[in-house]
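In this text the structure is predicted, and so the values were computed from the model without any measurement.
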Amino acid sequence: MAQPPQPELRLDSDAGAVFVLESKGKWWHAGFHLTTAIVGPTILTLPYAFRGLGWILGFFCLTVMGCVTFYSYYLMSLVLEHCEKAGRRHIRFRELAADVLGSGWMFYFVIFIQTAINTGVGIGAILLAGECLQIMYSNLSPSGSLKLYEFIAMVTVVMIALSQIPTFHSLRHLNFASIVLSLGYTFLVVGACIHAGLSKNAPHKDYSLESSSSSRVFSAFTSISIIAAIFGNGILPEIQATLAPPATGKMFKGLLMCYSVILVTFYSASVSGFWAFGNKSNSNILKSLMPDDGPSLAPTIVIGLAVIFVLLQLLAIGLVYSQVAYEIMEKQSADVNQGMFSKRNLIPRLILRTLYVIFCGFMAAMLPFLVTSMV
């Protein structure tokens, strides 16, 4: 069987490592990156996940999944630290997988899976950001003629500009803003849910599960898969690579920061949303707050601010998950001896990253049409 590519001992000759994954960060910078990678608008689906599990199982699954993922990420950071002390510093998920599992095909398998997932997140971020713009536009101009694909094109242009930020470490300020935004729209949604639950138009609160056993089982597995997906983060080695060596103990502090934000946002959104709407919770709590067959259950300004915060954070999420693709492209196209901003490296970076974002934007624009045609 083919042996996996051996980790390079001289990372200073690797343009992907030197440029995209430059190691200058502090532990709190890693915390910013980790939080942006996990805490996103998907938390607005948690009341729906509780709908399929109920109060007790909902809390149990959310807590267990949080503990399991925290411990898993902590163990991964320890493995990376151990490999670094042994002279095998891994800055990419694929290198870690090949070293630990000792299989040649695993290196390429992880490249495929990680790139597919991260590109999917990038496509989803552009699509959801376009939908956020469309929601705001339709409220400001109900008879407007702009379509979803036009808003997706606008988001794509913004993402092309932001994609030229050269290094993962350079995103630390944007990712700090992302944490503030996630806390902002969480608190807005929590307040809106409390307002909705206490209003005269509040829906009848029913926390019972599905009547049939098969429906309950299906709903429970759906809810568990939602919770598991929300905690997912497939770029921890790349995030740890941005830390200034030695990385010993730094990722643990970053994880503590990340999971502190998770504790606040995940539980508050879950409890307030499920309390307000019970088994009538929609797949996105914002849809529950703005029902199609009745008046809005929250002030328009609150919903509008929450949508704006979600839109802005989606840009940061798209950038974070694009770093793996940029690192792969930079490793192959850049010359580390020419300098990060030299003409030799700047032009290929501009072209390749622009093409990548255009591809993601094109797929995001195509998805609604594909889904409609399949239905």
Which residues share a side-chain contact (heavy atoms from CB on, under 4.5 Å) with F93, sequence neighbours left out: M76, V110, Q114, P237, E238
Is L181 reachable from V158 through a run of I, L, V, M, F, W or Y residues, each pair having side-chain heavy atoms under 4.5 Å apart? yes
With a 4.5 Å cut-off on side-chain heavy atoms, are M257 and L34 touching? no
Within this structure, what is the CD-NE2 distance for the pair E81 and H90, rounded to the nearest 0.5 Å? 13.0 Å
For a quick test of your reading: what N or O donor-acceptor pairs under 3.5 Å do the side chains of residues 183-197 make, sequence neighbours left out?
from: Y185; atom 1: OH; to: G40; atom 2: O; distance (Å): 3.2
from: Y185; atom 1: OH; to: Q313; atom 2: OE1; distance (Å): 2.7
from: T186; atom 1: OG1; to: S182; atom 2: O; distance (Å): 2.6
from: H195; atom 1: ND1; to: L297; atom 2: O; distance (Å): 3.2

Can you tell me how far the CG atom of L319 sits from the CG atom of L314, to the nearest 0.5 Å? 11.0 Å
Do you know which two heavy atoms are closest between I123 and L367, and how far apart they sit? CG2-CD1, 3.8 Å
Report yes if the side chains of T36 and I317 come closer than 4.5 Å at any heavy-atom pair, otherwise no. yes
Could you report the tightest heavy-atom contact between I91 and A17, atom names first, then the distance? CD1-CB, 3.2 Å
For I56, look at atom CD1 and say whether over 12 heavy atoms of other residues, nucleotides or ligands are found less than 6.0 Å away. no
Do F362 and M154 land in one hydrophobic cluster if side-chain heavy atoms of ILVMFWY residues count as linked below 4.5 Å? yes
Could you walk me through whether I351 and I347 satisfy the side-chain contact (heavy atoms from CB on, under 4.5 Å) test, starting with their C-alpha distance in whole Å, then the side-chain angles of each, then the deciding distance to 0.1 Å, before giving a yes or no? CA-CA 6 Å; I351 294 173; I347 294 176; 3.8 Å; yes
Let me check something: do L286 and I301 share a hydrophobic cluster, defined by ILVMFWY side-chain heavy atoms less than 4.5 Å apart, either directly or through other members? yes
Here the gap from Y326 atom OH to R353 atom CZ, rounded to the nearest 0.5 Å, amounts to 6.0 Å
For V302 and L289, run side-chain contact (heavy atoms from CB on, under 4.5 Å): C-alpha distance rounded to whole Å, both residues' side-chain angles, the deciding distance at 0.1 Å, then the answer. CA-CA 11 Å; V302 172; L289 292 167; over 6 Å; no
Can you name the nearest heavy-atom pair linking V155 to G130, along with the distance? CG2-N, 3.8 Å
Closest heavy-atom pair and its distance - N139, I135: ND2-O, 2.7 Å
Main-chain N/O of F112 paired to R94 side chain as donor or acceptor, under 3.5 Å: no
Close side-chain approach of Q164 and T354, heavy atoms under 4.5 Å: yes
Does anything in residues 202-229 pair up under salt bridge (charged side-chain N to carboxylate O under 4.0 Å, His left out), and if so which pairs, sequence neighbours excluded? none
Would you mind listing every side-chain hydrogen bond (donor to acceptor under 3.5 Å, both in side chains) that reaches into residues 44-73, with sequence neighbours excluded? T63-Y267, T69-Y259
Evaluate the side-chain proximity of N279 to L209: yes if any heavy-atom separation is below 4.5 Å, no if none is. no
Test of understanding: with side chain to side chain donor-acceptor pair (under 3.5 Å), list the residues that count as partners of R349, not counting sequence neighbours. E330
ILVMFWY network linking I262 to V271, side-chain heavy atoms under 4.5 angstrom: yes
With sequence neighbours excluded, give me every side-chain hydrogen bond (donor to acceptor under 3.5 Å, both in side chains) pair touching residues 116-131. T119-Y356
If you round to the nearest 0.5 Å, how far is CD1 of I358 from OG1 of T156? 8.5 Å
I126 versus I152: any side-chain heavy-atom pair under 4.5 Å? yes
Strictly distance-based, threshold 3.5 Å: is any side-chain N or O of H29 a donor or acceptor partner for the main-chain N or O of K26? yes
Please round to the nearest 0.5 Å and tell me the distance separating atom CG of L263 and atom CG of L256. 11.5 Å
Does any non-hydrogen side-chain atom of P368 lie less than 4.5 Å from one of L127? yes
Is the side chain of S288 donor-acceptor paired with the backbone N or O of S281 at a distance under 3.5 Å, no angle test? no
For Q338, all residues meeting side-chain contact (heavy atoms from CB on, under 4.5 Å), sequence neighbours excluded: D335, S342, R344, N345
Cut-off 3.5 Å, no hydrogens considered: what does the side-chain donor-acceptor table look like for residues 242-250, sequence neighbours left out?
from: T242; atom 1: OG1; to: I239; atom 2: O; distance (Å): 2.6
from: K250; atom 1: NZ; to: A244; atom 2: O; distance (Å): 2.6
from: K250; atom 1: NZ; to: P246; atom 2: O; distance (Å): 3.1

Check A37 against N233 and note the closest heavy-atom contact, atom names and distance. CB-OD1, 3.8 Å
Any pair counted as ring-ring contact (aromatic ring centres under 6.0 Å, His included), so long as it reaches residues 214-244, sequence neighbours left out: F231-F266
Using a cut-off of 6.0 Å, state whether more than 12 heavy atoms not belonging to F176 lie near its atom CZ. no
Applying the ring pair (Phe, Tyr, Trp, His ring centres under 6.0 Å) test to F50, which of F60, Y207, F277, F59 qualifies? F59
If I take atom CG from residue L62 and atom CG from residue L57, how far apart are they, to the nearest 0.5 angstrom? 12.0 Å
Please list every donor-acceptor pair under 3.5 Å in which a side-chain atom of residues 165-173 meets a protein atom from a residue at least two apart or in another chain.
from: T167; atom 1: OG1; to: E22; atom 2: OE2; distance (Å): 3.2
from: T167; atom 1: OG1; to: S170; atom 2: N; distance (Å): 3.0
from: T167; atom 1: OG1; to: S170; atom 2: OG; distance (Å): 2.5
from: H169; atom 1: NE2; to: R172; atom 2: NH1; distance (Å): 3.3
from: R172; atom 1: NH1; to: H169; atom 2: O; distance (Å): 3.0

Before giving the answer on side-chain contact (heavy atoms from CB on, under 4.5 Å), spell out for L133 and L146 the whole-Å C-alpha distance, their side-chain angles and the decisive distance to 0.1 Å. CA-CA 10 Å; L133 280 177; L146 294 180; over 6 Å; no
Do you know which two heavy atoms are closest between M251 and S77, and how far apart they sit? CB-CB, 3.7 Å
Hits for side chain to side chain donor-acceptor pair (under 3.5 Å) against T300, two or more places apart or cross-chain, chain-then-number order -> none
Does Y149 share a hydrophobic cluster with V157, counting links as ILVMFWY side-chain heavy atoms below 4.5 Å and allowing steps through other members? no
Please list, chain by chain and in numerical order, all residues satisfying side chain to side chain donor-acceptor pair (under 3.5 Å) with T265, sequence neighbours excluded. none
Test item: P291 and K280 side chains (from C-beta on) under 4.5 Å apart, heavy atoms: no
What I'd like to find out is whether the side chain of P41 reaches to under 4.5 Å of the side chain of L128, using heavy atoms alone. no
Quick check: does any side chain N or O of S178 sit under 3.5 Å from a backbone N or O of L174, one acting as donor and the other as acceptor? no
